[in-house]
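In what follows, a structure is listed as structure tokens, so that the remarks can point back to it.
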Amino acid sequence: VLVGPFDVEAAVAVSASEEPDVVADLVALADQSLVAFDPESGTYSLLESIRLFAEGSGIADQTLRRHTEFVVASVEAAARAPAERQQRDFETTARLLPSVRVVMSRALDAGDSGLIHRIVAAVARYGEQAFAFEVIDWIDAATALDQANGVPTPPATAVCAATLLTHRGQFDDAARWLDRAAGAEPDTLDLAQLWHAYFTGDLDAADSRVQAIRERGPSATSYERTVSAVAAHFLDKGAGRDFNEVDVALIDAVGLHDGASSAAARLCSAIRLDWDRDAERAVAALTEVMADAGRMGLALLGSGASTAR
């Protein structure tokens, strides 16, 4: 039932066994080459042929339920991670994505729109940052079930759909989802509206969303404030300022000091101020950004770069 890399915690949760017993079983299976162990990540994985054979032999319903709850609870915990853990938990969601797809398949087969929406809410930020557009297909399936059952689609799902469709360039579809997002959490709704206004060239609306995010101050998430900083930079009339001055001013403006924010600031500076007059310097700056930023930061940088072009 475990797809892709998994750790001891996952095996314990799914098997409902004691950790020492699970560890002993995993070591024995690894010695027999039935399970692969990656010492760098500390994770295990089943050979696909063995996993499929075991799956074909039948999996107890309670095991499937434990697996579903573990996977969904894990990505929900990652989605709630504080700023200092966002990078690590972003990578956790990426590692769990094969299992998320399996759980989503079960939810679709069962017509369980509640579970689908729960998964979408948990992976929404990951989907945005990693451009995981398959989440849109999940939302479409859940929406069809909602319509068949005569229930409204949750505002959080509408915000996720609007954001992903904006990134995919389907601006009219995104606008329709934003119209259905009333009642969503301010942080996610402000960010979705900012992305849409920014990419469609409505600079007044984009600036309004930037100000709303800034006014919330520390209550805004690190990622949200970073994106608002990127947008503010391109909305600003500060072209021509010194590279380092822009970097420092941009970070100080929103009170951010994490790696992704600094990287985003340097990206803006490199493309906006340096590309035309000093391509070599811009390439060097971007190389530094790529070295510093984690996976979450790189996804953000990709958005900024496409906009800058």
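These numbers come from a predicted model, not from an experiment.
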* Find out if a path of hydrophobic residues (ILVMFWY) with successive side-chain heavy-atom gaps under 4.5 Å connects Val135 to Val159. => no
* To do: Determine whether more than 12 heavy atoms belonging to other residues, nucleotides or ligands lie under 6.0 Å from atom CD of Gln211.
  => yes
* Which pair of heavy atoms, one from Thr188 and one from Glu185, lies closest together, and at what distance? -> OG1-O, 3.1 Å
* So, do Thr43 and Val8 sit near enough that their side-chain heavy atoms are less than 4.5 Å apart? -> no
* Is Val100 close to Val75 at the side-chain level, that is, under 4.5 Å between some pair of heavy atoms? -> yes
* Asked: Do the side chains of Val12 and Glu18 get nearer than 4.5 Å, heavy atoms only?
  -> no
* Under the criterion side chain to side chain contact (heavy atoms under 4.5 Å, CB included), which of Thr163, Leu164, Thr157 is the partner of Cys160? -> Leu164
* Under 3.5 Å: donor-acceptor pair, side chain of Ser15, backbone of Ala11 -> yes
* Is there a path of hydrophobic side-chain contacts, each under 4.5 Å between heavy atoms of I, L, V, M, F, W or Y residues, that connects Leu178 with Leu191? -> no
* With the side chain counted from C-beta on, respond yes when Tyr44 and Asp7 share a heavy-atom pair under 4.5 Å apart, and no when they do not. => no
* Hey, could you give me the CG/CD distance between Asp190 and Gln193, rounded to the nearest 0.5 Å? => 6.0 Å
* Okay, side chain of Arg209, backbone of Leu194: is any donor-acceptor separation there less than 3.5 Å? -> no
* To do: Would you tell me whether Thr68 and Arg106 have side-chain atoms, one donor and one acceptor, within less than 3.5 Å of each other?
  => yes
* Do Asp202 and His196 have side-chain atoms, one donor and one acceptor, less than 3.5 Å apart? -> no
* Asked: With the 4.5 Å side-chain cut-off for hydrophobic clustering, are Phe133 and Val120 part of the same group?
  -> yes
* To do: For the pair Ser105 (side chain) and Arg101 (backbone), establish whether a donor and an acceptor sit closer than 3.5 Å, ignoring hydrogens and angles.
  => no
* To do: Test salt bridge (charged side-chain N to carboxylate O under 4.0 Å, His left out) on Arg118 and Glu69 and set out the steps.
  => CA-CA 11 Å; Arg118 188 178 165 192; Glu69 187 54 38; 2.9 Å; yes
* Asked: With a 4.5 Å limit on heavy-atom distance, are the side chains of His117 and Thr153 in contact?
  -> yes
* Structure fact -> Test side chain to side chain contact (heavy atoms under 4.5 Å, CB included), reference Met104, set Ile116, Asp137, Leu115, output is Ile116
* Asked: Do Val123 and Leu189 share a hydrophobic cluster (ILVMFWY, side-chain heavy atoms under 4.5 Å, transitive)?
  -> no
* To do: With the side chain counted from C-beta on, respond yes when His67 and Thr63 share a heavy-atom pair under 4.5 Å apart, and no when they do not.
  => no
* Any idea which heavy atoms bring Pro5 and Ser45 closest together, and the distance? -> CA-CB, 4.3 Å
* Just checking, is any N or O donor in the side chain of Asp38 or Ser41 under 3.5 Å from an acceptor N or O on the other one? -> yes
* Asked: Has Glu134 got more than 12 heavy atoms of other residues, nucleotides or ligands less than 6.0 Å from its CD?
  -> yes
* Among the clusters formed by ILVMFWY side chains lying less than 4.5 Å apart, do Leu145 and Trp177 turn up in the same one? -> yes
* Looking at Ala181 and Pro155, what are the two nearest heavy atoms and their distance? -> O-CB, 3.8 Å
* To do: For the pair Asp21 (side chain) and Ser17 (backbone), establish whether a donor and an acceptor sit closer than 3.5 Å, ignoring hydrogens and angles.
  => no
* For side-chain contact (heavy atoms from CB on, under 4.5 Å), just list the numbers for Leu96 and Tyr126, CA-CA rounded to whole Å, side-chain angles, deciding distance to a tenth of an Å, and then say yes or no. => CA-CA 11 Å; Leu96 285 170; Tyr126 171 85; over 6 Å; no
* Structure fact -> Here the gap from Phe70 atom CZ to Glu9 atom CD, rounded to the nearest 0.5 Å, amounts to 4.5 Å
* **Contact check, side chains of Val27 and Phe37, non-hydrogen atoms, under 4.5 Å** => no
* So, does Ser99 use its side chain to make a donor-acceptor pair with the main chain of Val3 at under 3.5 Å? -> yes
